[in-house]
Number of protein chains: 2
Amino acid sequence: MRSIGRLARETGVKVPTIRYYERVGLLPEAERSAGNQRLYDAAAVRRLAFIRHARELGFPLDAVRDLLRLADEPERSCAAVDAIARRQLVEIRRRLARLEALEGELARMLAQCEGERIADCRVIEVLGDLALRSDQPAAEDEAANTPG
Amino acid sequence: MRSIGRLARETGVKVPTIRYYERVGLLPEAERSAGNQRLYDAAAVRRLAFIRHARELGFPLDAVRDLLRLADEPERSCAAVDAIARRQLVEIRRRLARLEALEGELARMLAQCEGERIADCRVIEVLGDLALRSDQPAAEDEAANTPG
DNA sequence: CCTAACTGCTGTAGCGACTGGAGCTTCAAG
DNA sequence: CTTGAAGCTCCAGTCGCTACAGCAGTTAGG
């Protein structure tokens, strides 16, 4: 049995984050010591490590929850697991495509700027002009969610 | 002079978002009609369009604020503008690198999975195992912020 | 002139995934 | 026994919106 601090060191997940995961139901409520401190066994280490790695791969917490549930049913087909992972891969590729487009536009903007007065600044000019030309109402959002 | 709804249509920025931008100081407080409704002139259209395009390029609102301030001082050197844009480019490249790594790992994981029982699922296995091998406490965060 | 439908107003709360702080208690080492 | 680190709970804040409730103003048709 280990304290929350030791669990944090062993898994690389911060203490407040562990408490947060418990609060939102990703981790079961921990046993407590006589003095009301959380105690964790080896299974908790494995579960939290699983969560951490899934988060590093960018799975949202809801997907992690589903994966954990599936991981506990070893006899079922892993089709559901694959579907979650494939969805995540599609999402990551969508973000990649968007970021690549942004990168190109920003780099082009910067390359054209001569570094003189703001009145002649290409960056400012592009930000002003392109916007007026833009005809489509909006793009996709690009919110990411990946931990440390 | 135009209503907030017309401004929204002209710029592709949603009405509540415009009010939000006013609230957080990106847009000046709008004039009001006799009946207390916001009224916007052509300058407001340009300013909001500028904001929208900067947001599409992924600049956080704080950076947009700085860019707007700089855009209003045409005689100053655009070095500060370039610095903001370069920082944003660096940030986007950092995210790109991270997403590319995720994409690779996810794709590898999925390619190895035979689609049988969860007990044999490579995806679940990798999520469990890699995490235990991970020795570094953490990676970088990856929060994005880009509008529609 | 009246009414319906639309658009606008304010204020507050919620999203995801944490992070940080206040103010307290418990624990391990010396 | 004392000290300081680590633990506890609860609440607020982050970012950039978005949604809702419950009103008021505006506009087009009859």
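Reminder, nothing fancy here: chain letters follow the sequence lines and each chain counts from 1. All values below come from the heavy atoms of this structure, side chains included, with hydrogens, waters and symmetry mates left out.
Atom pair Arg52(B):CZ and dC17(D):P shows a separation of 12 Å (rounding to whole Å applied). Look at OH on Tyr21(B): it is 11 Å from C1' on dC15(D), rounded to the nearest Å. The OH atom of Tyr20(A) sits 10 Å away from the P atom of dT19(C) (whole-angstrom rounding). One atom, NZ of Lys14(A), and another, P of dG21(C), lie 12 Å apart when rounded to the nearest Å. What separates CZ of Arg2(A) from C1' of dC27(C) is a distance of 18 Å, to the nearest Å. Remark: C1' of dG16(D) and CG of Leu26(B) are 11 Å apart, rounded to the nearest angstrom. In this structure, Leu61(B) places its CG atom 13 Å from C1' of dT14(D), rounding to the nearest Å. Distance, Leu48(B) CG to dG16(D) P: 16 Å, rounded to whole Å.
Using a 4.5 Å heavy-atom cutoff, the side chains of Leu106(A) and Phe59(B) are in contact.
Connection of Tyr20(B) to Val64(B) is established within a shared hydrophobic cluster, with ILVMFWY side chains joined at heavy-atom distances below 4.5 Å, either directly or through further cluster members.
Ion pair Arg38(B)/Glu31(B) not flagged as a salt bridge, since none of the NZ, NE, NH1 or NH2 atoms sits closer than 4.0 Å to an Asp/Glu carboxylate oxygen. For the pair Glu22(A) and Arg19(A), the salt-bridge criterion is not met [side-chain N within less than 4.0 Å of a carboxylate O]. Contact check on Glu91(A) versus Arg95(A) returns a salt bridge, with a Lys/Arg side-chain nitrogen under 4.0 Å from an Asp/Glu carboxylate oxygen. Look at Arg76(A) and Glu73(A) and you find a salt bridge, because one of the NZ, NE, NH1 or NH2 atoms lies within 4.0 Å of a carboxylate O, short of that distance.
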Check your understanding: What string of B, S and - do you get for nucleotides 4-11 of chain D, 5' to 3', when a contact is any protein heavy atom under 4.0 Å?
Key -> ---SSB--

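Taking 4.0 angstrom as the limit, Ser33(A) places none of its side-chain polar atoms (N or O) nearer than this to OP1 or OP2 of dT26(C).
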